[in-house]
Amino acid sequence: MLNSPSCHPCVKIIRWPRETYKREWCRKSGQLRLLVIDEGSDAPVCADIREDWIRLPTRNEDIQVRIATLQARNLGRHAPQVDPNGVIRRGSCTVTVSPTEAELVRLLTVNFGEVVSRESLRKRLCQGDRHASRNALDLHIMRIRRRLTPLRLEIRTAWGRGYTLTACDGGEGDADLVGPTRPGEVDPEFHGTAPVNRARPAGSSAGQNGSGDGGTDV
């Protein structure tokens with residue numbers, strides 16, 4: 001068995017170079033991958049923290065070690081995986097979003113921890129709805145934020161630039177690029193103001209004040 005139990009991120013085994021297409025698909029969906037290099041083939045450059053390689057011939061034990069290393073390197077901060085049915089998986093947890101929102105999450109996942117411009121997200125949104133309004137993106141982001149809460153993921157706003165998908169449980173993000181939301185701050189790109197923080201005092205329940213939304217509105 002090549003992968004550990006579901007508490008660890010799954011690692012896809014890819015034969016290189018014969019399965020180049022599979023590597024690209026896994027990269028776009030944010031999956032961890034181990035490239036098994038055919039004997040006599042050149043190894044690719046692996047600049048992504050979610051990727052590693054090993055050359056044939058090799059022992060199964062060595063492959064297991066590489067898999068475990070990839071999992072340990074990404075555990076707690078690895079990007080979620082989005083399947084074709086709109087199921088978002090992170091570790092052993094899953095949530096489901098609409099096909100349109102799945103496309104937005106895929107784009108954020110490919111750039112996990114980095115800022116994705118609003119324009120890039122708008123273009124992805126318009127692929128499914130050419131008549132999508134400017135505010136449609138904000139509504140989708142708001143819904144996605146709510147759906148990602150069980151996965152301990154958050155979408156943070158980089159005012160005037162876009163959004164970044166990061167982990168809430170020690171995942172890496174760029175605090176200099178994506179600072180905390182400041183109520184009343186004007187975003188020149190969004191042409192609006194930053195939302196007021198609705199965080200509740202410790203110990204308060206989600207049902208108080210008639211609000212059950214723990215997400216951050218756009």
Side-chain angles (χ1 to χ4, degrees), residues 27-31 50 77-91 93-200 206 209-218:
R27 185 190 70 80
K28 288 182 177 180
S29 60
Q31 296 195 37
R50 292 164 290 191
R77 66 183 179 186
H78 70 283
Q81 302 169 13
V82 188
D83 75 11
N85 297 316
V87 177
I88 304 173
R89 181 184 303 278
R90 184 170 187 253
C93 298
T94 61
V95 298
T96 303
V97 296
S98 70
T100 298
E101 288 162 5
E103 285 302 312
L104 297 177
V105 176
R106 284 191 184 95
L107 184 55
L108 291 165
T109 295
V110 171
N111 299 278
F112 191 66
E114 302 175 1
V115 175
V116 179
S117 71
R118 284 180 59 89
E119 185 59 30
S120 296
L121 289 164
R122 275 199 214 102
K123 288 180 179 178
R124 182 63 63 92
L125 181 60
C126 290
Q127 289 178 3
D129 183 1
R130 295 182 180 179
H131 303 291
S133 66
R134 180 182 181 86
N135 291 333
L137 175 61
D138 306 309
L139 293 174
H140 283 299
I141 292 295
M142 180 181 67
R143 292 170 185 154
I144 293 170
R145 277 175 166 150
R146 294 172 181 169
R147 298 297 296 152
L148 293 181
T149 300
L151 304 184
R152 298 191 61 77
L153 293 167
E154 63 179 348
I155 298 176
R156 304 180 67 189
T157 303
W159 293 101
R161 301 181 60 188
Y163 300 98
T164 184
L165 178 62
T166 61
C168 306
D169 51 3
E172 293 185 337
D174 194 333
D176 293 329
L177 293 178
V178 189
T181 299
R182 290 176 285 182
E185 179 181 0
V186 176
D187 175 16
E189 205 282 336
F190 175 61
H191 297 291
T193 57
V196 175
N197 184 3
R198 296 187 177 88
R200 302 181 184 85
N209 300 326
S211 174
D213 177 16
T216 303
D217 290 348
V218 175

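All heavy atoms count here, side chains included; hydrogens, waters and symmetry mates do not.
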*asked:* Tell me if a side-chain donor or acceptor on Arg147 pairs with a main-chain N or O of Val97 at a distance below 3.5 Å.
replied: no
*Using modelled atom types only, decide if a donor and an acceptor are shared between the side chain of Arg106 and the backbone of Asp83 within a distance under 3.5 Å.*
yes
*I would like to know whether Arg118 and Asp138 meet side-chain contact (heavy atoms from CB on, under 4.5 Å); could you show each step before the answer?*
CA-CA 10 Å; Arg118 284 180 59 89; Asp138 306 309; 2.8 Å; yes
Looking at [X] and [Y], what are the two nearest heavy atoms and their distance?
X: Leu153; Y: Pro80; answer: CD1-CG, 3.7 Å
X: Thr94; Y: Leu151; answer: N-CD2, 3.9 Å
X: Arg143; Y: Glu101; answer: CD-OE2, 3.4 Å
X: Gly86; Y: Ala102; answer: CA-CB, 3.9 Å
X: Asn85; Y: Thr96; answer: O-CG2, 4.5 Å
X: Arg145; Y: Thr157; answer: NH2-OG1, 2.8 Å

*Please name all residues satisfying side-chain hydrogen bond (donor to acceptor under 3.5 Å, both in side chains) with Ser117, sequence neighbours left out, ordered by chain then number.*
Ser120
Let me confirm one number: the [atom1]-[atom2] distance from [X] to [Y], rounded to the nearest 0.5 Å.
X: Thr149; Y: Ile144; atom1: OG1; atom2: CD1; result: 12.0 Å
X: Thr100; Y: Arg124; atom1: OG1; atom2: CZ; result: 11.5 Å
X: Ile88; Y: Gln81; atom1: CD1; atom2: CD; result: 11.5 Å
X: Arg122; Y: His140; atom1: CZ; atom2: NE2; result: 13.0 Å
X: Cys126; Y: Glu103; atom1: SG; atom2: CD; result: 13.0 Å

*asked:* For Leu108 and Leu121: C-alpha separation, side-chain torsions, deciding distance, then whether side-chain contact (heavy atoms from CB on, under 4.5 Å) applies.
replied: CA-CA 9 Å; Leu108 291 165; Leu121 289 164; 4.2 Å; yes
*What residues, two or more places apart in sequence or in another chain, satisfy side-chain contact (heavy atoms from CB on, under 4.5 Å) together with Glu154?*
Arg156, Thr166, Cys168
*Step-by-step side-chain contact (heavy atoms from CB on, under 4.5 Å) determination, Arg27 to Val110*: CA-CA 7 Å; Arg27 185 190 70 80; Val110 171; 3.7 Å; yes
*asked:* side-chain contact (heavy atoms from CB on, under 4.5 Å), that's the test. Do Leu148 and Leu165 meet it? Break it down for me.
replied: CA-CA 10 Å; Leu148 293 181; Leu165 178 62; 3.7 Å; yes
